[in-house]
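One structure is given below, encoded as structure tokens.
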Amino acid sequence: MSYTALYRKWRPAGFADVKGQDHIVQTLKNQITSGRIGHAYLFCGTRGTGKTSIAKIFARAVNCEEPVDGSPCGHCRICKNIAAGSSLNVVEIDAASNNGVENIRDIREQVQYPPTEGRYRVYIIDEVHMLSTGAFNALLKTLEEPPSYVIFILATTEVHKIPVTVLSRCQRYDFKRITVATITDRLAELSRAENIQVEEKALGYIARAADGAMRDALSLLDQCVAFHFGELLTYDHVLDILGAVDTKIFSKMFRSVTGQNTTDCIYQLEELVIQGRELGQFVTDFIWYMRNLLLTQTTDSGEAVLDMSAENRKALEEDAKLADGETLMRYIRVFSELSNQIRYASQKRVLIELAFIKLTKPQMEHNYDSIIERLNKIEEQLEEGIPVNPAALSRMDPMQAGMAAGEDGSSAGVDAASVRTPGSSSQGAASYEATPPASVTLPKGQLEDLQMIRNEWGKIIRNLGGVIRSSFRDTIVEPSGDSCLTVVFANIDNYEIGRRPTIMGELEEYVKETYNKEIYFKTRLLGTGERIDTVYVSDDELKNHIHMDITIEDDIG
């Protein structure tokens, strides 16, 4: 007797055998027990999630002579005939190869005749989105006025290609991707039934590789068992067969990236190539690894979000400390772009090497994310007392260079004496330095608020983090009245981000909680050629400097 593939041998025979689609199963069972059966159903969802299997079970259930709780009994004559494929009441059509108008017209002629046995004629049209426009129009007429004994079940993986006129006449059921835990449990159950010796860790990886498709998981298990027939199927065996990479390799690779060791990354990639690992799968898995690192940083309930052992979570937490959230998001963005490029590329290795160079050499990129990462490195060097390479600062925007040099927690964020405003020339800069800054007097309370915030500005930006840390780098603070300050932006993109009320509210709340000060913040954009070196003094300081009383006269003009 010929061998039957696992996914065919263990295809669900009843609703109780269907895994991961409980919401759909319960609805269909209720319809059968109550007799409220529709005439057209649309099953949509990714491959291998049970669409065709449930359609066949439903076809047997509506015709079963002795249904049990809405499920087919499997023992009556009709159930056996349908299961064997010998019943004329259930017709399966592959729309990928039968997508013409003639095929649908044949169906329209057949539905005129009532079923020879049972109560319903059931037409299961798989991959229905492949039908031509004319075929859809022909099908629409039958869906509008179907005989009472006809049921259509349309299955598709691309529901967006179905005409709205067809969608509106069907009961739609969306099949979800099956969870890793559900697939793992099902694989373990079938392994015991088939007397397959396999490690639980190996089943877990197969379940993850299946990407929510039970059929894919069974096919992968079949492939692995065939390669190591008669022996224990281990986790390492599965990695070798599927061309996958162990999680420890991702950790080692990530540490090389954060250490900006480009050579080490290239050598590790070469080792994977020598081992015959599938590079496309490596890129996908590395993205998920960095995604897990980001979730570890940003969520408190890591155990609920991450499906892994306590040992692996602990190792993940250690790696997550090596990079901040913004850097991780840049890494994920670079590799996500790579994932799209590599799918049809002939030189996958070269593209991956280029991606690692981007990660380890952010100075070679000129986008916003890489500039943020470079500034973060400079901040770390300043905090550790390491001198900053002037050449690194010269490659940045002048305002950003001022921020990097001044954002040590004690300055206002911009060194006004060394920054030229947008649009100024070198000649203008020379006159800028030659002309003394203007002095403006402020009431004592306003000056104290200004000085306190300016002295703490770099620290405030760093502690708030996130969007504020990235968009407030090129800002200065100016007085704007009693208990009010204005944040001045030099970059229009950052200004559009920072001016949002939610951002300002977060800043005001932080100042209130940290410094016990009720200060209202406004925003504005730095004007072209505008100076930012104004000196603010209090009335008392001005009096002391000129040694005379100041009389402020009322305007009687």
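The chain is numbered in sequence order, starting from 1. Bear in mind the structure is a predicted one, so any value in this text is a computation, not a measurement. In what follows, every heavy atom counts, from backbone to side chain, and hydrogens, waters and symmetry copies are set aside.
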Arg169 atom CZ, neighbour heavy-atom count above 12 within 6.0 Å
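Enclosed.
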N-O pairing of [X] and [Y] below 4.0 Å:
X	Y	result
Lys161	Glu158	yes
Asp174	Lys176	no
Lys56	Glu92	yes
Arg186	Glu189	yes
Arg469	Glu326	no
Glu278	Lys348	yes
Lys321	Glu317	no

Does the gap between the ring centers of [X] and [Y] come in under 6.0 Å?
X	Y	answer
Tyr120	Tyr149	no
Phe286	Phe335	yes
Phe58	Phe15	no

My understanding is that only residues two or more places apart in sequence, or in another chain, count here; which of them pass side chain to side chain contact (heavy atoms under 4.5 Å, CB included) with Ser86?
Asn81, Ala84
Could you tell me which residues satisfy side chain to side chain contact (heavy atoms under 4.5 Å, CB included) with Pro146, sequence neighbours excluded, listed by chain and number?
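For Pro146 the side chain to side chain contact (heavy atoms under 4.5 Å, CB included) partners, ignoring immediate neighbours, are His39.
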Polar contact flag, side-chain donor to acceptor under 3.5 angstrom, Asp222-Tyr7:
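No, no side-chain donor-acceptor contact under 3.5 Å.
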Under the 6.0 Å and 45° cation-pi test, does Lys201 pair with Tyr235?
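Yes; both conditions hold, so Lys201 lies above the ring face of Tyr235.
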Going through the checks in order, is the salt bridge (charged side-chain N to carboxylate O under 4.0 Å, His left out) test met by Arg349 and Glu353?
CA-CA 6 Å; Arg349 178 177 175 177; Glu353 289 175 343; 3.2 Å; yes
